[in-house]
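Values reported hereafter were calculated over all heavy atoms of this structure, with side chains retained and with hydrogens, waters and symmetry mates removed.
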Amino acid sequence: MSTQTGPAPDTQPRGPAFVPGPKGLPLVGNLPQFGKNPLAFFELLRGHGDMVRWRFGRNRCVFIADPDLVGELLTETERTFDQPKLGIAFRTVLGNGMLVARGRDWRRKRSLVQPSVRPKQVKSYATTMADCAVELADRWADGQRVDVKREMSALTQKIAVRTIFGVDTPADSEAMGRAMDIAQMEIGKEFAGLGALLPDWVPTPGRARIRKAAAVIDAEVRRVVARHRGGEEERPDLLSRLLTAVDESGTHLSDEEIRDEAVTLYIGGHETTSTTLVWAWYLLARNPRVRDALAEELDRVLGDREPGFEDYAQLSYAQAVVKETLRLFPAIWLITGIAKEGATIGGLPVEEGTRVWSSQWATHRDARWFPEPEEFRPERWDATGGDEIPEYAWFPFGGGPRVCIGTRFAMVESVLLLAVLARRFTVDVDPGEITPLTGLTLQPDRDVLATVRAR
């Protein structure tokens with residue numbers, strides 16, 4: 001399932017040394033190669049070595065592939081690496097939320113948001129997750145044709161609006177969902193194209209579309225916030241917790257900050273899980289042995305009942321299926337940082353302003369860390385007989401101080417939804433390869449059509 005479009009160069013000696021990457025063009029550097037297929041380009045860079053120099057336009061860049069180096073980038077963020085200034089499409093949608101904030105501002109926001117997704121809170125959301133999946137399973141019928149991408153998107157949208165916004169009407173889900181679909185597509189287009197080099201003030205059709213989508217998102221969030229503030233009853237959703245959270249000085253999040261964090265949580269709770277589940281069904285359909293092993297565990301652990309939070313720890317193979325899906329098709333496929341003065345990688349100095357890139361896609365598919373890397377093999381995650389996987393060889397949720405705070409939410413949600421649906425149905429995805437597209441998350445390039453069959 002590699003997306004590499006040409007042979008990589010002979011592998012360079014691995015070790016603490018920067019090596020040159022493919023030759024770029026004047027002014028734009030390697031941007032045309034990157035823009036054509038970012039995943040294949042990162043695999044190409046990995047073939048050059050573990051510390052590879054290249055250029056994104058005129059910007060100096062270093063690509064790193066070794067897990068130890070990835071760990072340095074992730075754990076040294078905030079101290080020797082800055083968050084990069086992302087494109088205008090990304091900033092228009094996410095604002096200055098926790099995902100992009102820096103320094104003291106980031107630390108303040110993280111301290112206010114993190115209590116909303118601690119294990120105790122995730123446990124309280126698990127019932128909503130399972131209930132929404134049961135509602136979908138009750139609508140499916142033996143032999144029914146479905147668009148898996150659309151079904152998983154609608155399912156996780158419903159869970160997101162219930163757990164994050166505390167509302168549950170079709171309008172709430174659909175308006176936000178349509179706007180986020182547009183946003184995701186336009187962010188991907190800008191990031192991988194010449195739009196990434198254009199100044200913010202340059203008008204383009206894509207930027208007009210992203211502003212229109214952001215206006216819908218803003219209006220929906222304002223409406224839901226007003227509804228919350230006008231109500232008297234205490235609500236258990238994430239938005240209510242954000243509205244009441246105060247920092248060490250007793251200050252609440254502003255309306256703009258509430259908006260940015262709510263959208264960030266929505267993306268984390270909807271986009272990444274939806275994408276992960278689509279790829280999981282695709283991989284399960286192509287690997288009957290794995291699908292049978294998953295069904296055996298679900299029958300053994302659950303019998304005829306629906307899963308709950310208390311079953312999560314017992315569904316070890318289902319967890320492994322999700323982990324292996326995130327290895328092969330990581331929803332978040334790229335992490336970057338900007339070197340500050342005095343930054344180093346692998347003990348070597350990195351010039352201030354250099355952009356350091358790492359890709360989950362490239363490292364997750366490296367045979368040094370994952371034997372038979374293209375194979376879908378959940379058994380590699382077995383706690384007793386699995387592979388010895390180095391720390392930061394698998395980092396779908398990032399790592400270090402800026403690790404995704406919604407990691408447990410996403411894992412619990414993915415496992416419970418998979419368990420509810422796979423206990424009652426097999427999902428026979430139509431034959432044929434599906435190519436991943438690089439947007440805000442790693443999306444299939446087409447509809448994912450399937451036939452569901454009752455077990």
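Residues satisfying the side-chain contact (heavy atoms from CB on, under 4.5 Å) test with E306, not counting sequence neighbours, are V134, V420, R423, R424. Residues passing the side-chain hydrogen bond (donor to acceptor under 3.5 Å, both in side chains) test with T244: none are found, sequence neighbours excluded. Residues passing the side-chain contact (heavy atoms from CB on, under 4.5 Å) test with E391: none are found, sequence neighbours excluded. For D428, the side-chain hydrogen bond (donor to acceptor under 3.5 Å, both in side chains) partners are R291, R453, not counting sequence neighbours. With sequence neighbours excluded, the residues forming a side-chain hydrogen bond (donor to acceptor under 3.5 Å, both in side chains) with R259 are D218, listed by chain and number. Every salt bridge (Lys or Arg N to Asp or Glu O under 4.0 Å) that R209 has, sequence neighbours left out, goes to E186. Residues satisfying the side-chain contact (heavy atoms from CB on, under 4.5 Å) criterion with S414, sequence neighbours excluded, are T273, T276, V322. For D387, the salt bridge (Lys or Arg N to Asp or Glu O under 4.0 Å) test picks out R377, R380, with sequence neighbours left out. Under the side-chain hydrogen bond (donor to acceptor under 3.5 Å, both in side chains) criterion, S153 pairs with Q157, not counting sequence neighbours. In this structure D447 satisfies the salt bridge (Lys or Arg N to Asp or Glu O under 4.0 Å) test with no other residue, sequence neighbours excluded. Under the side-chain contact (heavy atoms from CB on, under 4.5 Å) criterion, E257 pairs with D105, R108, K109, L253, S254, not counting sequence neighbours.
Using bins of under 30°, 30° to 60° and over 60° for the plane-to-plane angle, the ring pair F397/W394 lands in the perpendicular bin.
A cation-pi arrangement is found for R327 relative to F370, the charged atom lying closer than 6.0 Å to the ring centre and inside a 45° cone about the ring normal.
Screening residues 115-151 for ring pair (Phe, Tyr, Trp, His ring centres under 6.0 Å) gives Y125-F409, W140-F425 as the qualifying pairs, with residues at least two apart or on separate chains.
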Exercise for review: I would like to know whether F34 and W357 meet side chain to side chain contact (heavy atoms under 4.5 Å, CB included); could you show each step before the answer?
Suggested key: CA-CA 12 Å; F34 173 82; W357 305 63; 4.1 Å; yes

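More than 12 heavy atoms of other residues, nucleotides or ligands shown are found within 6.0 angstrom of CD on E310.
Ion pairing between a basic and an acidic side chain is recognised when a charged N comes within 4.0 Å of a carboxylate O; R365 and E374 show such pairing. Looking at E135 and R139, no side-chain N of the basic residue comes within less than 4.0 Å of a carboxylate O on the acidic one, giving no salt bridge.
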